[in-house]
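All of these numbers come straight from a predicted model, not from anything done at the bench.
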Amino acid sequence: MSSSPGSSAASAANSAYGANAATTSPRPARNSIAAAVACFVVAASIGLYAALGGVDAPVFGTAASIFCLALCGAALLLRERRSTRALAGWKRARPLLIAFAVPLSFYLIERPSNEGFLSIDPYYILVNLCVLAALFALVYALGQQSRAAVAAFLAACFIAGAANHYVILFKGQPVVPADLFALSTAASVGSGYSYLLDARLLECIVMLAGYCTLLAFVPKVRLSIRRAALSTTAAFVVAAGFGIWITSCNLEDAYGCTVDVWGVKESYAEQGTALCFLKRAQDLSPTRPEGYDAQTADELLAAHAPVPAQRVSDQEPPSVIAIMNETFADLSRYPGLAGTEARPAAYYDIAASALDAGEAYVSALGGGTCNSEFEFLTGSSMGHLGGGVYPYVLYDLDGTESLVSYLSALGYGTHAVHPAEAENWRRDRVYAQLGFDEFSDISVFGGADTLRGLTTDRATYDYVLDLLAEEVGPQFVFDVTIQNHGGYDTGGIGEELAVSVPLADGSESTDLDEYASCIRQADQDLAYLTERLDGLDRPVVLCFFGDHQPGFSDWLFEATHDGSTADEIGLEAVQERYTVPYLIWANEKALENGAAPLAAEPMDANDNPAPDDKGDACTALAPCGQRTSLNYLGARLAGVAGLPLTSYQSFLLTTSERIPAINLNGFLTADGSWHWFGEQTDVDDALNAYAIVQYGNLFEKSSERSPQWLDAVGPS
């Protein structure tokens with residue numbers, strides 16, 4: 001009996017793609033049923049999510065998405081009804097469908113967060129496609145050329161695109177490689193945000209489901225020992241080639257890929273996420289400053305002698321309390337918001353009698369709290385490390401000289417407090433590396449008062465007061481609060497605590513209102529703390545500052561500057577979003593014991609009094625409107641408290657006379673001008689000296705340093 005053309009095609013399909021590839025059973029297979037059920041569940045979930053207000057897309061678009069997903073599910077149930085001729089056609093279409101996975105992966109990554117991804121320069125689109133093609137080839141080969149490997153790769157691309165979308169929405173900046181080292185932290189704090197599905201995310205979900213449905217109709221390949229060996233070898237070759245390329249090729253020199261540290265989102269949008277992400281990965285490794293060696297760092301420190309204590313030796317040393325208040329900022333500084341509830345009035349009342357107060361420039365916006373901690377505690381600047389770097393999760397800080405190790409050497413008990421999981425930003429390890437004796441995390445705040453589900457500032461302040469009551473000797477307590485953490489659309493503020501902050505055009509923002517309500521409560525709690533500290537019969541010096549502004553400051557800046565972005569206006573405007581209030585205050589007992597403002601008057605390079613660097617933006621600040629940055633604040637705190645200063649602290653304060661503030665974006669010179677990194681100025685020598693000393697502190701182990709790093713600070 002002769003075989004028909006159809007049976008020959010079926011035989012070929014059987015031979016190349018498996019014995020049951022050409023089967024035309026009327027009953028759906030189990031995997032088809034499972035895939036169809038998944039589509040139906042996703043469709044139903046989107047409908048339910050929309051009913052609960054979780055979808056921010058037009059009704060028609062949402063309904064169309066649900067219909068398309070249901071259609072995909074129905075198609076999967078019919079997969080086993082393919083005719084022999086259809087199977088042969090799907091077999092011929094397989095190479096094209098597999099190849100289409102590469103441009104689709106680019107779409108799934110870019111579309112959620114980049115509305116204009118098709119307007120990216122064709123050159124950068126091509127480079128991104130090449131990068132994604134290499135990664136796809138690796139996954140496809142490792143997955144033995146299976147359909148599951150293709151689907152897994154595209155699902156990973158969609159997850160990356162969605163993650164980028166939400167991180168930009170909440171923090172104002174895209175995902176960077178260092179974020180991958182802090183996934184547990186992101187998961188811990190992520191519950192405070194609302195994850196709305198917008199039209200672009202729905203579009204991507206439908207595209208992914210539609211492609212995977214088509215992919216399911218393609219016959220699967222037969223797995224053989226020869227095929228497995230070839231695929232594994234190909235995977236090894238691709239992985240080796242990609243590794244050699246990324247480690248030996250400078251993406252900036254080879255492809256013109258530059259990621260502006262103050263405009264990371266814009267760089268991703270203009271040059272593509274995949275390429276920019278790899279560029280940030282190349283930037284993670286710390287670069288030795290020009291002219292660095294350990295001896296040079298020691299010599300720079302040796303030029304700055306330790307400063308003795310500014311008080312009588314038999315007086316009781318003050319306990320030092322540092323409060324880094326979550327997202328504490330004065331948004332009334334933005335045009336049209338002066339005189340609104342956005343202004344923390346109690347802070348300014350306390351600042352009027354503080355020994356030091358003003359603006360501190362930070363290197364974080366909307367997130368990255370750990371970098372503000374890092375700058376304050378170590379005296380280091382993120383300006384020397386670059387954007388997308390989180391030292392807490394990337395570097396070993398064991399042996400790093402810090403405010404903690406300094407006060408510990410003076411005989412202080414050191415205690416860190418943070419009402420969240422100890423593992424967040426690896427604080428459980430880093431705090432020990434920096435020298436803290438104890439660390440109290442969320443576990444000690446069971447039953448404490450909360451606001452929007454987060455432990456209140458006042459609860460942590462009461463805990464700090466209890467620590468002071470329990471210990472007789474001088475204490476250093478570092479309290480990182482969490483009450484004001486984003487997001488700000490929780491609706492968790494009661495009417496009795498709620499405030500409203502109208503914009504200049506009369507419009508309102510629920511995010512701004514909830515944020516301002518949190519800050520008003522934080523403001524009142526600060527007043528409560530200073531009142532309690534003033535009643536103590538022991539000297540206490542308090543340092544209070546915010547870690548960063550809220551993530552919606554990007555939107556707020558545009559709304560209050562006629563639609564202009566800070567990046568369009570210039571560096572000084574950029575720094576507006578990186579400004580937080582700070583103060584250093586002493587109770588009556590500490591004032592009696594010698595706590596006083598820093599006596600040194602800022603000098604220029606010729607040892608003449610430097611021009612006033614307060615600037616118009618600081619006129620609302622009382623009492624003195626100083627401008628500084630968090631990397632100097634620890635040394636300022638030690639000086640105001642009347643404690644002896646190390647050579648390192650003396651070096652920082654001297655540097656601040658020529659460079660009053662420095663952060664990730666740029667630096668301020670004594671004449672009140674902001675400068676980008678890379679600009680030629682008359683303080684380039686001071687910048688390089690600072691970079692050398694900082695590198696020595698962070699990356700030279702203490703056992704390799706000269707005694708200059710560990711100079712005696714004298715009796716406390």
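- At a threshold of 4.5 Å between non-hydrogen side-chain atoms, the residues Asp457 and Tyr528 do not count as touching.
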Let's go through Glu375 and Ser629 carefully: what are the C-alpha distance in whole Å and the side-chain angles of both, what is the deciding distance for side-chain hydrogen bond (donor to acceptor under 3.5 Å, both in side chains) to 0.1 Å, and is it a yes or a no? CA-CA 9 Å; Glu375 289 188 316; Ser629 45; over 6 Å; no
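- Proximity of a side-chain donor or acceptor of Asn663 to a complementary backbone N or O of Met382 within less than 3.5 Å is not detected.
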Checking Phe328 against Phe545 for the ring pair (Phe, Tyr, Trp, His ring centres under 6.0 Å) test, could you report, in this order, the C-alpha distance in whole Å, the side-chain angles of both residues, the deciding distance, and whether it holds? CA-CA 7 Å; Phe328 190 90; Phe545 60 97; over 10 Å; no
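- Aromatic ring centres of Tyr361 and Tyr632: separated by at least 6.0 Å.
- Put simply, the side chain of Ile584 reaches to within 4.5 Å of the side chain of Leu633, judged on heavy atoms.
- Counting heavy atoms from C-beta outward, Pro286 and Leu698 have side chains that stay 4.5 Å or more apart.
- With rounding to the nearest 0.5 Å, the separation of OG in Ser119 from CG in Asn114 is 7.0 Å.
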Verify side-chain contact (heavy atoms from CB on, under 4.5 Å) between Gln483 and Glu326, making sure each step is shown before the conclusion. CA-CA 7 Å; Gln483 171 187 283; Glu326 174 66 45; over 6 Å; no
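- With hydrogens and angles ignored, the 3.5 Å screen pairs a side-chain donor or acceptor of Asp547 with a backbone N or O of Thr327.
- Taking all atoms of both residues into account, the shortest heavy-atom contact from Ala448 to Thr455 is CB-CG2, 4.2 Å.
- Atom OG of Ser381 sits about 9.5 Å away from atom CD1 of Ile659, to the nearest 0.5 Å.
- To the nearest 0.5 angstrom, Gln549 atom CD is 9.5 Å from Asp554 atom CG.
- For the pair Asp523 (side chain) and Ile519 (backbone), a donor-acceptor distance under 3.5 Å is absent.
- Arg111 CZ to Thr273 OG1: the interatomic distance, rounded to the nearest 0.5 Å, is 13.5 Å.
- Asp356 places no side-chain N or O within 3.5 Å of a backbone atom of Leu637 that could act as its donor or acceptor partner.
- Side chains of Ser372 and His548: no donor on one and acceptor on the other come within 3.5 Å.
- Between the side chain of Tyr347 and the main chain of Arg343, no donor-acceptor pair closer than 3.5 Å is present.
- Scanning both residues, Tyr166 and Leu201, for their nearest heavy atoms gives OH-CD1, 3.4 Å.
- The aromatic ring centres of Phe544 and Trp585 sit 6.0 Å or more apart.
- Under 4.0 Å is where a charged nitrogen must lie from a carboxylate oxygen, and between Asp462 and Arg458 no such pair does.
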Derivation and outcome, side-chain contact (heavy atoms from CB on, under 4.5 Å), residues Ile109 and Cys157: CA-CA 5 Å; Ile109 289 175; Cys157 291; 3.7 Å; yes
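- Taking the centre and axis of the six-membered ring of Phe439, the NZ or CZ atom of Arg427 falls outside the cone set by 45° and 6.0 Å.
- Aromatic ring pairs are classed by plane angle as parallel below 30°, tilted from 30° to 60° and perpendicular above 60°; the pair Phe552 and Trp555 is perpendicular.
- In this structure, Leu503 and Leu337 have side chains that are in contact, with non-hydrogen atoms separated by less than 4.5 Å.
- Under 3.5 Å, the side chains of Asp505 and Ser507 contain a donor-acceptor pair of N or O atoms.
- Ala522 and Asn484 get closest at one heavy-atom pair: CB-ND2, 3.7 Å.
- Looking only at distances, no side-chain donor or acceptor of Thr510 sits under 3.5 Å from a matching main-chain atom of Asp489.
- Without hydrogens or angle criteria, Tyr124 side chain to Gly256 main chain gives a donor-acceptor distance under 3.5 Å.
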Tyr268 vs Asn164, side-chain hydrogen bond (donor to acceptor under 3.5 Å, both in side chains): CA-CA, chis, key distance, verdict: CA-CA 10 Å; Tyr268 273 51; Asn164 215 32; 6.0 Å; no
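- Using a distance-only test at 3.5 Å, with no hydrogens or angles considered, no donor-acceptor pair links the side chain of Glu572 to the main chain of Trp674.
- Using modelled atom types, no side-chain atom of Gln524 and backbone atom of Ala346 make a donor-acceptor pair closer than 3.5 Å.
- Residues Leu385 and Ser363 have side chains not in contact (no heavy-atom distance under 4.5 Å, counting atoms from C-beta outward).
- Using the six-membered ring where Trp is involved, Tyr390 and Trp425 have ring planes that are tilted, between 30° and 60° apart.
- Closest non-hydrogen pair, Pro174 versus Val264, comes out as CG-CG1, 3.5 Å.
- Within the 4.5 Å cutoff, no side-chain heavy atoms of Cys543 are placed close to those of Val541.
- Residues Arg577 and Ala566 share a closest heavy-atom pair of NE-CB, 3.6 Å.
- Atom CD of Glu558 has more than 12 neighbouring heavy atoms from other residues, nucleotides or ligands inside a 6.0 Å radius.
- A side-chain donor-acceptor contact under 3.5 Å links Tyr690 and Asn631.
- Around CG of Asp562, the count of heavy atoms belonging to other residues, nucleotides or ligands within 6.0 Å does not exceed 12.
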Run Leu526 and Leu542 through side-chain contact (heavy atoms from CB on, under 4.5 Å) and show every step you take. CA-CA 11 Å; Leu526 172 61; Leu542 169 70; 4.2 Å; yes
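- Summarising the geometry of His165 relative to Pro112, their closest heavy-atom pair is ND1-O, 3.0 Å, with the distance given to 0.1 Å.
- A distance of 8.5 Å separates CG in Leu664 from CG in Asn371, rounded to the nearest 0.5 Å.
- Proximity of Ile120 to Gln271: side-chain heavy atoms (C-beta onward) are nowhere separated by under 4.5 Å.
- Separation of atoms CG (Asp684) and CZ (Phe667) is listed at 6.0 Å; rounding is to 0.5 Å.
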In sequence, state the C-alpha distance, the side-chain angles, and the governing distance for Phe677 and Ile662, and then conclude on side-chain contact (heavy atoms from CB on, under 4.5 Å). CA-CA 10 Å; Phe677 289 108; Ile662 178 174; 3.9 Å; yes
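- By the 4.5 Å heavy-atom criterion applied to side chains, Thr481 and Ile323 are counted as neighbours.
- Other residues, nucleotides and ligands contribute more than 12 heavy atoms inside 6.0 Å of the CD atom of Glu508.
- The closest donor-acceptor contact from the side chain of Thr378 to the backbone of Phe374 lies under 3.5 Å.
- Between the side chains of Tyr582 and Thr628, no donor-acceptor pair of N or O atoms lies under 3.5 Å.
- In this structure, Tyr334 and His561 have perpendicular ring planes: the angle between them is above 60°, well past the 30° mark.
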